[in-house]
A.B. asks: 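Take a look at the following structure, please.
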Amino acid sequence: MIVGTAGHIDHGKTALVRALTGVDADRLAEEKTRGITIELGFAYADLGGGGITGFVDVPGHERFVHTMLAGAGGIDLALLVVAADDGVMPQTREHLAILDLLGVHRGIVGLSKADLADQARRTAVTAEIKALLDGTGLDGAPVIPVSTVTGEGIEALRAALAEAEAETTARAEDARFRLGVDRSFILKGAGTVVTGTVLTGRVAVGDTVMVSPRALTARVRAIHAQNQPVQVGVAGQRCALNLAGEGIGREAIQRGDMIVDPALHGPAERIDASLRVLGSEARPIGTWFPARLHSGAAEVGARIVPLADPLAPGTEGPVQLVLDQPIAAAVGDRYILRDVSARRTIGGGAFLDLRAPARRRRTPERLAQLEAAARPDPAEALQAMLAAPPHVVDLTAFLRDRALGPDEAKRVTEGVTVLESGAARVALSPLTHRGLVAGMLDALARFHEDSPEMQGLGRERLRLALTPRLPKEAFAAFVAERIAAGDIVAEGAFLRLPGHVVRLSEEDEALYARILPELSGEARFRPPRVRDMATEWDVPEADVRRVLRMAARQGRVDQIRNDHFFLRPTTAEMVRIIADVQAEAPDGWVTAAAFRDRLQNGRKVAIEILDFYDRQGVTLRRGDLRRINPHRADLFG
């Protein structure tokens, strides 16, 4: 269990940690000289339950709230400290508001300096504390009077913490690994060490990890978990990782970075989120409102864009957060917003989408997607997102941004249709998938009816015609799937239904009838070129070529070169001629010259014809020689 302290300056947080653990969490000389906590402090102890409890001691001064925030992320239980002589103070209220916004709903209140208050004062301050906690996540938390001077209540507090530790449930170890860095330093003889709380997953000595958002790859050389050397660190523990790798050094890793499974690296700088504005704000939050965003130990500048009306104090709604620089985060992470002068906390909430769009961010469809994404169970969230427009989810981003491990990913995608093309994966509901198949077949049928002379519909044009509109990679996977199923046929860049045959219009049939004699008879091996026929008849060359190409799709003719078309029977006859020449050749190989002589044609045209057969696989080639491929000899009938 990880316990985080909270409370006003000089209310005895560090002294209380020392009384519980025997460790002085103030490690800086300046802290000892000034008598106040400036940096995060850490201590560990067995409270009697057999496990090691970690304590994160945070500063209470208003100038160091940003440091308090760096330590508050990832704690299991809050130890809110309120001095009996002072009572509730400004930082008590702000720290409590922060804990509530971070979703910390387990806590104990230590009524410190109890030796300085009589019973009446204790009763009054306890009532004040309970009134303060009313309606927050710590509502009903026990209040235990303690004194580090007399020792009063220390054992009772230790027992309460041990009981809470026994009730602490293990975090998801089957998720992918994430550790939020709150310290980075060089240890003599070891090298670079980072510390932080393991938010999800597990890490082992020898693992390869990524420093995100900096995209530095590192190897884990050693691990300390809860201040003990171990081979494996797991979610819910405070860990120190000894890292090695190119570029890994003291300055390379900073507080706020994340050490993650390399599969999770995907920095975010435009995030859609829920936001609850504190009632203490003086005015509504409007578009482009400036703030400082705190996520884990990271702190960056941000602009707030409400996705509906401006958010009034005390209200909650969806917003887009546009960051000054990218951060490493996960969907569901809690965050805090403070004003740019760092004087007050504005509000906070949870991340809903790390890949937020810059345009069309306020449409009803987009808001419906965010409402679906807000569901805490990822399987329910995915189903809800697939049920809402556009009915397509980038599955790669969905699984990565929720840090889901393989087993959980399998559970989440059960019953979902997945289209996969390389690294890109998208998810559809079976209903949407069936609708896409029906839409594709209908679009092709209508196109064939309207344009019977056309070979088929272009892939991109078909993609744009379907609803929902798939990304290009996903559409390629969808097309491949339907081709394999026999629903459609691909011909180059075109797609058609299996039964579609190109039909010429009356005008085109008339032109083809005029062309046909030119390709027949004595001149069948030496047909005129397209441009020659067009010139002689004063017909646009493009029309002659278009009709011949449509006839080629119907199998009436074959296009040997761009300007040369032969009737299909002639193409088949020339295959037989090659076979005859091959039979007569001593070594069974045909030369271009021998083939030319048999056709009584030019050598260039003969080579063009042979090259055509090479491309079709009808002939096998050895240098300038050819022979019939017995497996493809009947390709042209």
Side-chain angles (χ1 to χ4, degrees), residues 455-456 483 486 489-494 496 498-504 508-509 511-534 536 541 544-637:
Q455 178 181 5
I483 291 173
V489 175
E491 290 185 352
F494 299 97
R496 64 172 175 84
H500 172 67
V501 176
V502 175
R503 299 192 306 274
L504 302 184
D508 290 339
E509 282 286 5
L511 181 56
Y512 181 72
R514 193 173 183 182
I515 295 170
L516 188 57
E518 303 295 325
L519 309 183
S520 309
E522 294 288 332
R524 66 188 183 281
F525 298 137
R526 299 181 302 282
R529 296 176 183 272
V530 169
R531 62 174 175 268
D532 296 334
M533 289 185 283
E536 181 180 347
E541 182 179 333
V544 177
R545 183 171 285 106
R546 177 179 55 81
V547 168
L548 281 168
R549 284 178 175 172
M550 285 192 292
R553 295 181 195 122
Q554 294 177 309
R556 301 193 208 182
V557 300
D558 290 301
Q559 184 174 8
I560 303 299
R561 296 287 287 180
N562 183 56
D563 225 27
H564 259 151
F565 290 82
F566 289 72
L567 288 176
R568 173 60 60 86
T570 303
T571 309
E573 184 181 354
M574 291 190 294
V575 173
R576 292 192 294 273
I577 291 173
I578 295 173
D580 291 343
V581 175
Q582 177 181 317
E584 296 169 4
D587 58 357
W589 288 89
V590 177
T591 65
F595 179 59
R596 173 202 63 194
D597 294 343
R598 187 64 60 90
L599 292 183
Q600 297 181 1
N601 209 330
R603 186 173 186 277
K604 181 178 179 181
V605 174
I607 292 175
E608 287 179 354
I609 295 169
L610 290 173
D611 287 345
F612 168 76
Y613 288 131
D614 290 345
R615 294 193 298 272
Q616 304 302 316
V618 172
T619 53
L620 302 174
R621 184 168 183 170
R622 188 182 71 183
D624 292 331
L625 304 176
R626 273 87 167 179
R627 66 179 303 151
I628 295 293
N629 180 355
H631 302 296
R632 301 278 286 178
D634 60 349
L635 181 65
F636 298 103

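In what follows, every heavy atom counts, from backbone to side chain, and hydrogens, waters and symmetry copies are set aside.
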A.B. asks: By salt bridge (Lys or Arg N to Asp or Glu O under 4.0 Å), which residues pair with R529, not counting sequence neighbours?
C.D. replies: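 Scan of R529 (salt bridge (Lys or Arg N to Asp or Glu O under 4.0 Å), adjacent residues dropped) gives none.
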
A.B. asks: In residues 623-630, what donor-acceptor pairs under 3.5 Å come from side-chain atoms, sequence neighbours left out?
C.D. replies:
| unit_1 | atom_1 | unit_2 | atom_2 | d |
| --- | --- | --- | --- | --- |
| R626 | NE | D614 | OD2 | 3.1 |
| R626 | NH1 | D624 | O | 3.4 |
| R626 | NH2 | D611 | OD1 | 2.6 |
| R626 | NH2 | D614 | OD2 | 3.0 |
| N629 | OD1 | H631 | N | 3.1 |
| N629 | ND2 | G617 | O | 3.0 |

A.B. asks: Among all residues two or more places apart in sequence or in another chain, which pass the side-chain hydrogen bond (donor to acceptor under 3.5 Å, both in side chains) test with Q582?
C.D. replies: none

A.B. asks: Please list, chain by chain and in numerical order, all residues satisfying side-chain contact (heavy atoms from CB on, under 4.5 Å) with A552, sequence neighbours excluded.
C.D. replies: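 For A552, the residues satisfying side-chain contact (heavy atoms from CB on, under 4.5 Å) (neighbours in sequence not counted) are V557.
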
A.B. asks: Counting C-beta onward and ignoring hydrogens, is there a side-chain heavy-atom pair between T571 and I609 closer than 4.5 Å?
C.D. replies: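 Side chain of T571 against side chain of I609, heavy atoms only: no contact under 4.5 Å found.
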
A.B. asks: Looking at Q600, is its backbone amide N or carbonyl O close enough to the side chain of R526 to form a donor-acceptor pair, meaning the two atoms are under 3.5 Å apart?
C.D. replies: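 Checking the backbone N and O of Q600 against the side chain of R526, a donor-acceptor pair under 3.5 Å is found.
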
A.B. asks: Would you say M550 and Y512 make side-chain contact, with heavy atoms under 4.5 Å?
C.D. replies: no

A.B. asks: Which residues pass the salt bridge (Lys or Arg N to Asp or Glu O under 4.0 Å) test with D532, sequence neighbours left out?
C.D. replies: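 Expected list: none.
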
A.B. asks: Not counting sequence neighbours, which residues clear side-chain contact (heavy atoms from CB on, under 4.5 Å) with E518? List them please.
C.D. replies: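 Listed in chain order: P528, M533, W537.
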
A.B. asks: Using a 4.5 Å cut-off on heavy atoms from C-beta on, say whether the side chain of Y613 contacts that of M574.
C.D. replies: yes

A.B. asks: Please tell me if the side chains of R549 and V544 come closer than 4.5 Å, counting only heavy atoms from C-beta onward.
C.D. replies: no

A.B. asks: Going by the rule salt bridge (Lys or Arg N to Asp or Glu O under 4.0 Å), which residues pair with D580 if we only count those two or more places apart in sequence or in a different chain?
C.D. replies: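 In terms of salt bridge (Lys or Arg N to Asp or Glu O under 4.0 Å), with neighbours along the sequence ignored, D580 is linked to no residue.
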
A.B. asks: Run the side-chain hydrogen bond (donor to acceptor under 3.5 Å, both in side chains) test against D563 and tell me which residues pass, sequence neighbours left out.
C.D. replies: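 Partners of D563 by the side-chain hydrogen bond (donor to acceptor under 3.5 Å, both in side chains) criterion, ordered by chain and then number, come out as R531, R545.
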
A.B. asks: Below 4.5 Å, heavy atoms only, C-beta onward: do F595 and I577 meet side chain to side chain?
C.D. replies: yes

A.B. asks: How far apart are the closest heavy atoms of I578 and V590, and which atoms are they?
C.D. replies: O-CG2, 3.7 Å

A.B. asks: I'd like to check F612 versus H564 (side-chain heavy atoms, cut-off strictly below 4.5 Å). Are they in contact?
C.D. replies: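 Not in contact.
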
A.B. asks: Would you check if Q559 and L548 make a side-chain contact, meaning some heavy-atom pair closer than 4.5 Å?
C.D. replies: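 No, too far: nothing below the 4.5 Å cut-off.
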
A.B. asks: Inspect the contact between R615 and E608 and indicate whether a charged nitrogen and a carboxylate oxygen are less than 4.0 angstrom apart.
C.D. replies: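 No, this pair does not count.
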
A.B. asks: On a heavy-atom basis, which atom in P527 and which in L519 lie closest, and how many Å separate them?
C.D. replies: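 The answer is CB-CD2, 3.6 Å.
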
A.B. asks: Listed by chain and number, what are the side-chain contact (heavy atoms from CB on, under 4.5 Å) partners of R596, not counting sequence neighbours?
C.D. replies: A593, R603, A606

A.B. asks: Are any of the side-chain heavy atoms of D508 and R546 separated by less than 4.5 Å?
C.D. replies: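 The answer is yes; the side chains approach within 4.5 Å.
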
A.B. asks: Tell me every residue that passes side-chain contact (heavy atoms from CB on, under 4.5 Å) with R524, counting only those two or more places apart in sequence or in another chain.
C.D. replies: T570, E573

A.B. asks: Please name all residues satisfying salt bridge (Lys or Arg N to Asp or Glu O under 4.0 Å) with R598, sequence neighbours left out, ordered by chain then number.
C.D. replies: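 Salt bridge (Lys or Arg N to Asp or Glu O under 4.0 Å) check on R598 returns E584.
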
A.B. asks: Quick one: list whatever passes ring-ring contact (aromatic ring centres under 6.0 Å, His included) with F525, sequence neighbours left out.
C.D. replies: none

